[in-house]
Number of protein chains: 2
Amino acid sequence: MARQTRQTILDVAGNLFGNRGFDAVSLDQIAAEVGVAKQTVLYWFSTKDELVQEVLAETAVELTVVVEAAIRSAPDDPLDRMEAVVKAVFRPAVRRPSLLGLVREISRLPSESSERLTDSLRPLVERAVNWMKAEMDAGRLRRADPGLIVALAYATVTGIATEPEALRVVGWNADIAGLRRLRDELVDFLRAALAPR
Amino acid sequence: MARQTRQTILDVAGNLFGNRGFDAVSLDQIAAEVGVAKQTVLYWFSTKDELVQEVLAETAVELTVVVEAAIRSAPDDPLDRMEAVVKAVFRPAVRRPSLLGLVREISRLPSESSERLTDSLRPLVERAVNWMKAEMDAGRLRRADPGLIVALAYATVTGIATEPEALRVVGWNADIAGLRRLRDELVDFLRAALAPR
DNA sequence: ACAATTCTCTACCAAATGGTAGAGAAAGGT
DNA sequence: ACCTTTCTCTACCATTTGGTAGAGAATTGT
């Protein structure tokens with residue numbers, strides 16, 4: 001049961017850190033929500049920084065698994081594949097916005113830390129970029145900068161997940177149905193933008 | 001000269017808050033960078049929260065001014081107009097990423113605060129959405145959800161400004177020349193996506 | 001020049017923060 | 001059953017944090 005404590009700490013910390021940022025969440029708050037003493041948190045993770053690193057490492061793995069599963073089960077058509085990946089990332093984004101909030105927090109870390117984490121996501125992203133380039137070369141997608149497309153999709157999904165106020169300002173509801181419709185609009189937009197002519 | 005102290009505090013705080021988040025920046029840090037005592041900061045802003053609110057109010061005004069100026073001097077063609085606005089927002093984003101970092105921090109505020117601020121940006125955004133809808137109705141832009149387009153452009157520019165690591169992962173350099181080229185790719189992409197057919 | 005006002009500072013405060021130390025409870029192994 | 005290891009806790013620590021209080025310096029106004 002004790003490894004359960006460790007995982008609960010990771011889950012709770014991930015949720016709080018992703019919603020509020022690392023610096024706004026104290027060890028006491030995490031401990032209180034888990035239902036243990038702060039020193040128990042420090043038994044499992046010797047410093048707050050180690051907890052942060054572990055949370056982020058778990059996040060990177062989770063996103064990689066989600067995206068790779070979507071790619072594996074996606075159709076061959078590039079637009080359909082792109083749609084499958086966007087939807088795959090959207091799912092956790094809607095159910096657990098803190099996941100993408102954590103990714104955003106990477107930019108707040110010292111650079112050795114952020115590099116380790118971006119390095120763990122890099123293979124996945126590079127594959128996406130190279131795949132998109134190949135489809136564009138083959139004339140199956142309209143030519144655009146693949147790095148930009150990935151960045152744009154990432155930024156939009158992440159923004160949708162973590163900034164509900166911004167959504168409301170542009171006229172969208174941040175409830176589940178609203179987000180589903182917004183996701184579909186995003187997919188349609190990307191399809192229209194990338195369909196070959 | 002004393003009102004100069006107040007403005008310097010606002011500028012320094014805006015920069016630090018936008019780069020690191022509200023909770024990660026102490027009043028002592030702001031004071032040290034301004035070159036005054038913490039109590040001087042508290043003379044001008046009676047609580048940290050008041051300082052935060054003032055910084056954000058200034059940010060909202062600045063962005064509104066930038067976007068409205070771009071709209072006023074933009075050509076009549078909708079794609080050219082859209083390009084002008086994207087470039088107008090991109091400029092401060094590149095020169096001072098903390099500005100957009102501040103906008104992102106809005107989602108971290110209690111809701112009365114965040115509502116006040118989103119309310120101050122709302123007229124601007126609604127005008128953009130309504131203008132885009134009218135251009136789509138007139139067949140001058142391809143039909144897509146205007147709220148999504150605004151959200152997408154906002155998210156992408158903001159992501160570019162505040163997450164240089166993400167840029168590097170997708171193969172872009174976060175130096176000035178790299179960001180200029182990325183901006184131009186974004187504009188091209190939006191043109192291709194929204195040009196009527 | 002002097003009084004009033006404004007601005008800046010040192011001193012101090014209570015609470016919060018990420019930790020160290022060590023005791024005892026709980027679990028696992030023989 | 002007993003010993004060892006693992007887990008959880010209270011107690012304590014130095015530092016940091018956002019503040020209150022009040023003194024004195026600087027500026028403004030007459």
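Every chain is numbered from 1, with letters handed out A, B, ... down the list of sequences.
At whole-Å resolution of the value, CZ in R3(A) and C1' in dG28(C) are 15 Å apart. The NZ-P distance, from K48(A) to dG19(C), rounds to 8 Å in whole Å. Rounded to whole Å, atom C1' of dT17(C) lies 15 Å from atom CG of L51(A). Spacing between atom CD of Q39(A) and atom C1' of dC13(D) amounts to 11 Å, rounded to whole angstrom units. One atom, CZ of F45(A), and another, P of dT6(D), lie 17 Å apart when rounded to the nearest Å. A straight line from CD of Q4(A) to P of dA26(C) spans 19 Å, rounded to a whole angstrom. Atom CG in L42(B) sits about 14 Å away from atom C1' in dC12(C), given to the nearest Å. Here dT5(D) presents its P atom at 12 Å from OH of Y43(A), a figure rounded to the nearest Å.
The side chain of T40(B) lies closest to dT8(C) when the candidates are dT8(C), dT8(D), dG19(C). Of the candidate nucleotides dG18(D), dG18(C), dC9(C), dG18(C) has the atom lying nearest to any side-chain atom of L27(A). Side-chain proximity of D28(A) to the nucleotides dC7(C), dT17(C), dT10(D) is greatest for dT17(C).
Taking only side-chain nitrogens and oxygens, T5(A) never comes nearer than 4.0 Å to OP1 or OP2 of dC7(D). OP1 or OP2 of dT6(D) has not a single side-chain nitrogen or oxygen of W44(A) nearer than 4.0 Å. Phosphate contact (OP1/OP2 of dA16(C), side-chain N/O of S26(A), threshold under 4.0 Å): absent.
The pair D137(A)-R143(A) counts as a salt bridge, with a side-chain nitrogen and a carboxylate oxygen less than 4.0 angstrom apart. Between E165(B) and R108(A), no side-chain nitrogen of the basic residue sits less than 4.0 Å from a carboxylate oxygen of the acidic one, so the salt-bridge criterion is not met.
One N or O on the side chain of K48(B) and one on the backbone of F22(B) form a donor-acceptor pair closer than 3.5 Å. Here the side chain of Q29(A) pairs a donor or acceptor atom with the backbone of S26(A) at under 3.5 angstrom.
The neighbour count for R180(A) CZ, taken as heavy atoms of other residues, nucleotides or ligands under 6.0 Å away, does not exceed 12.
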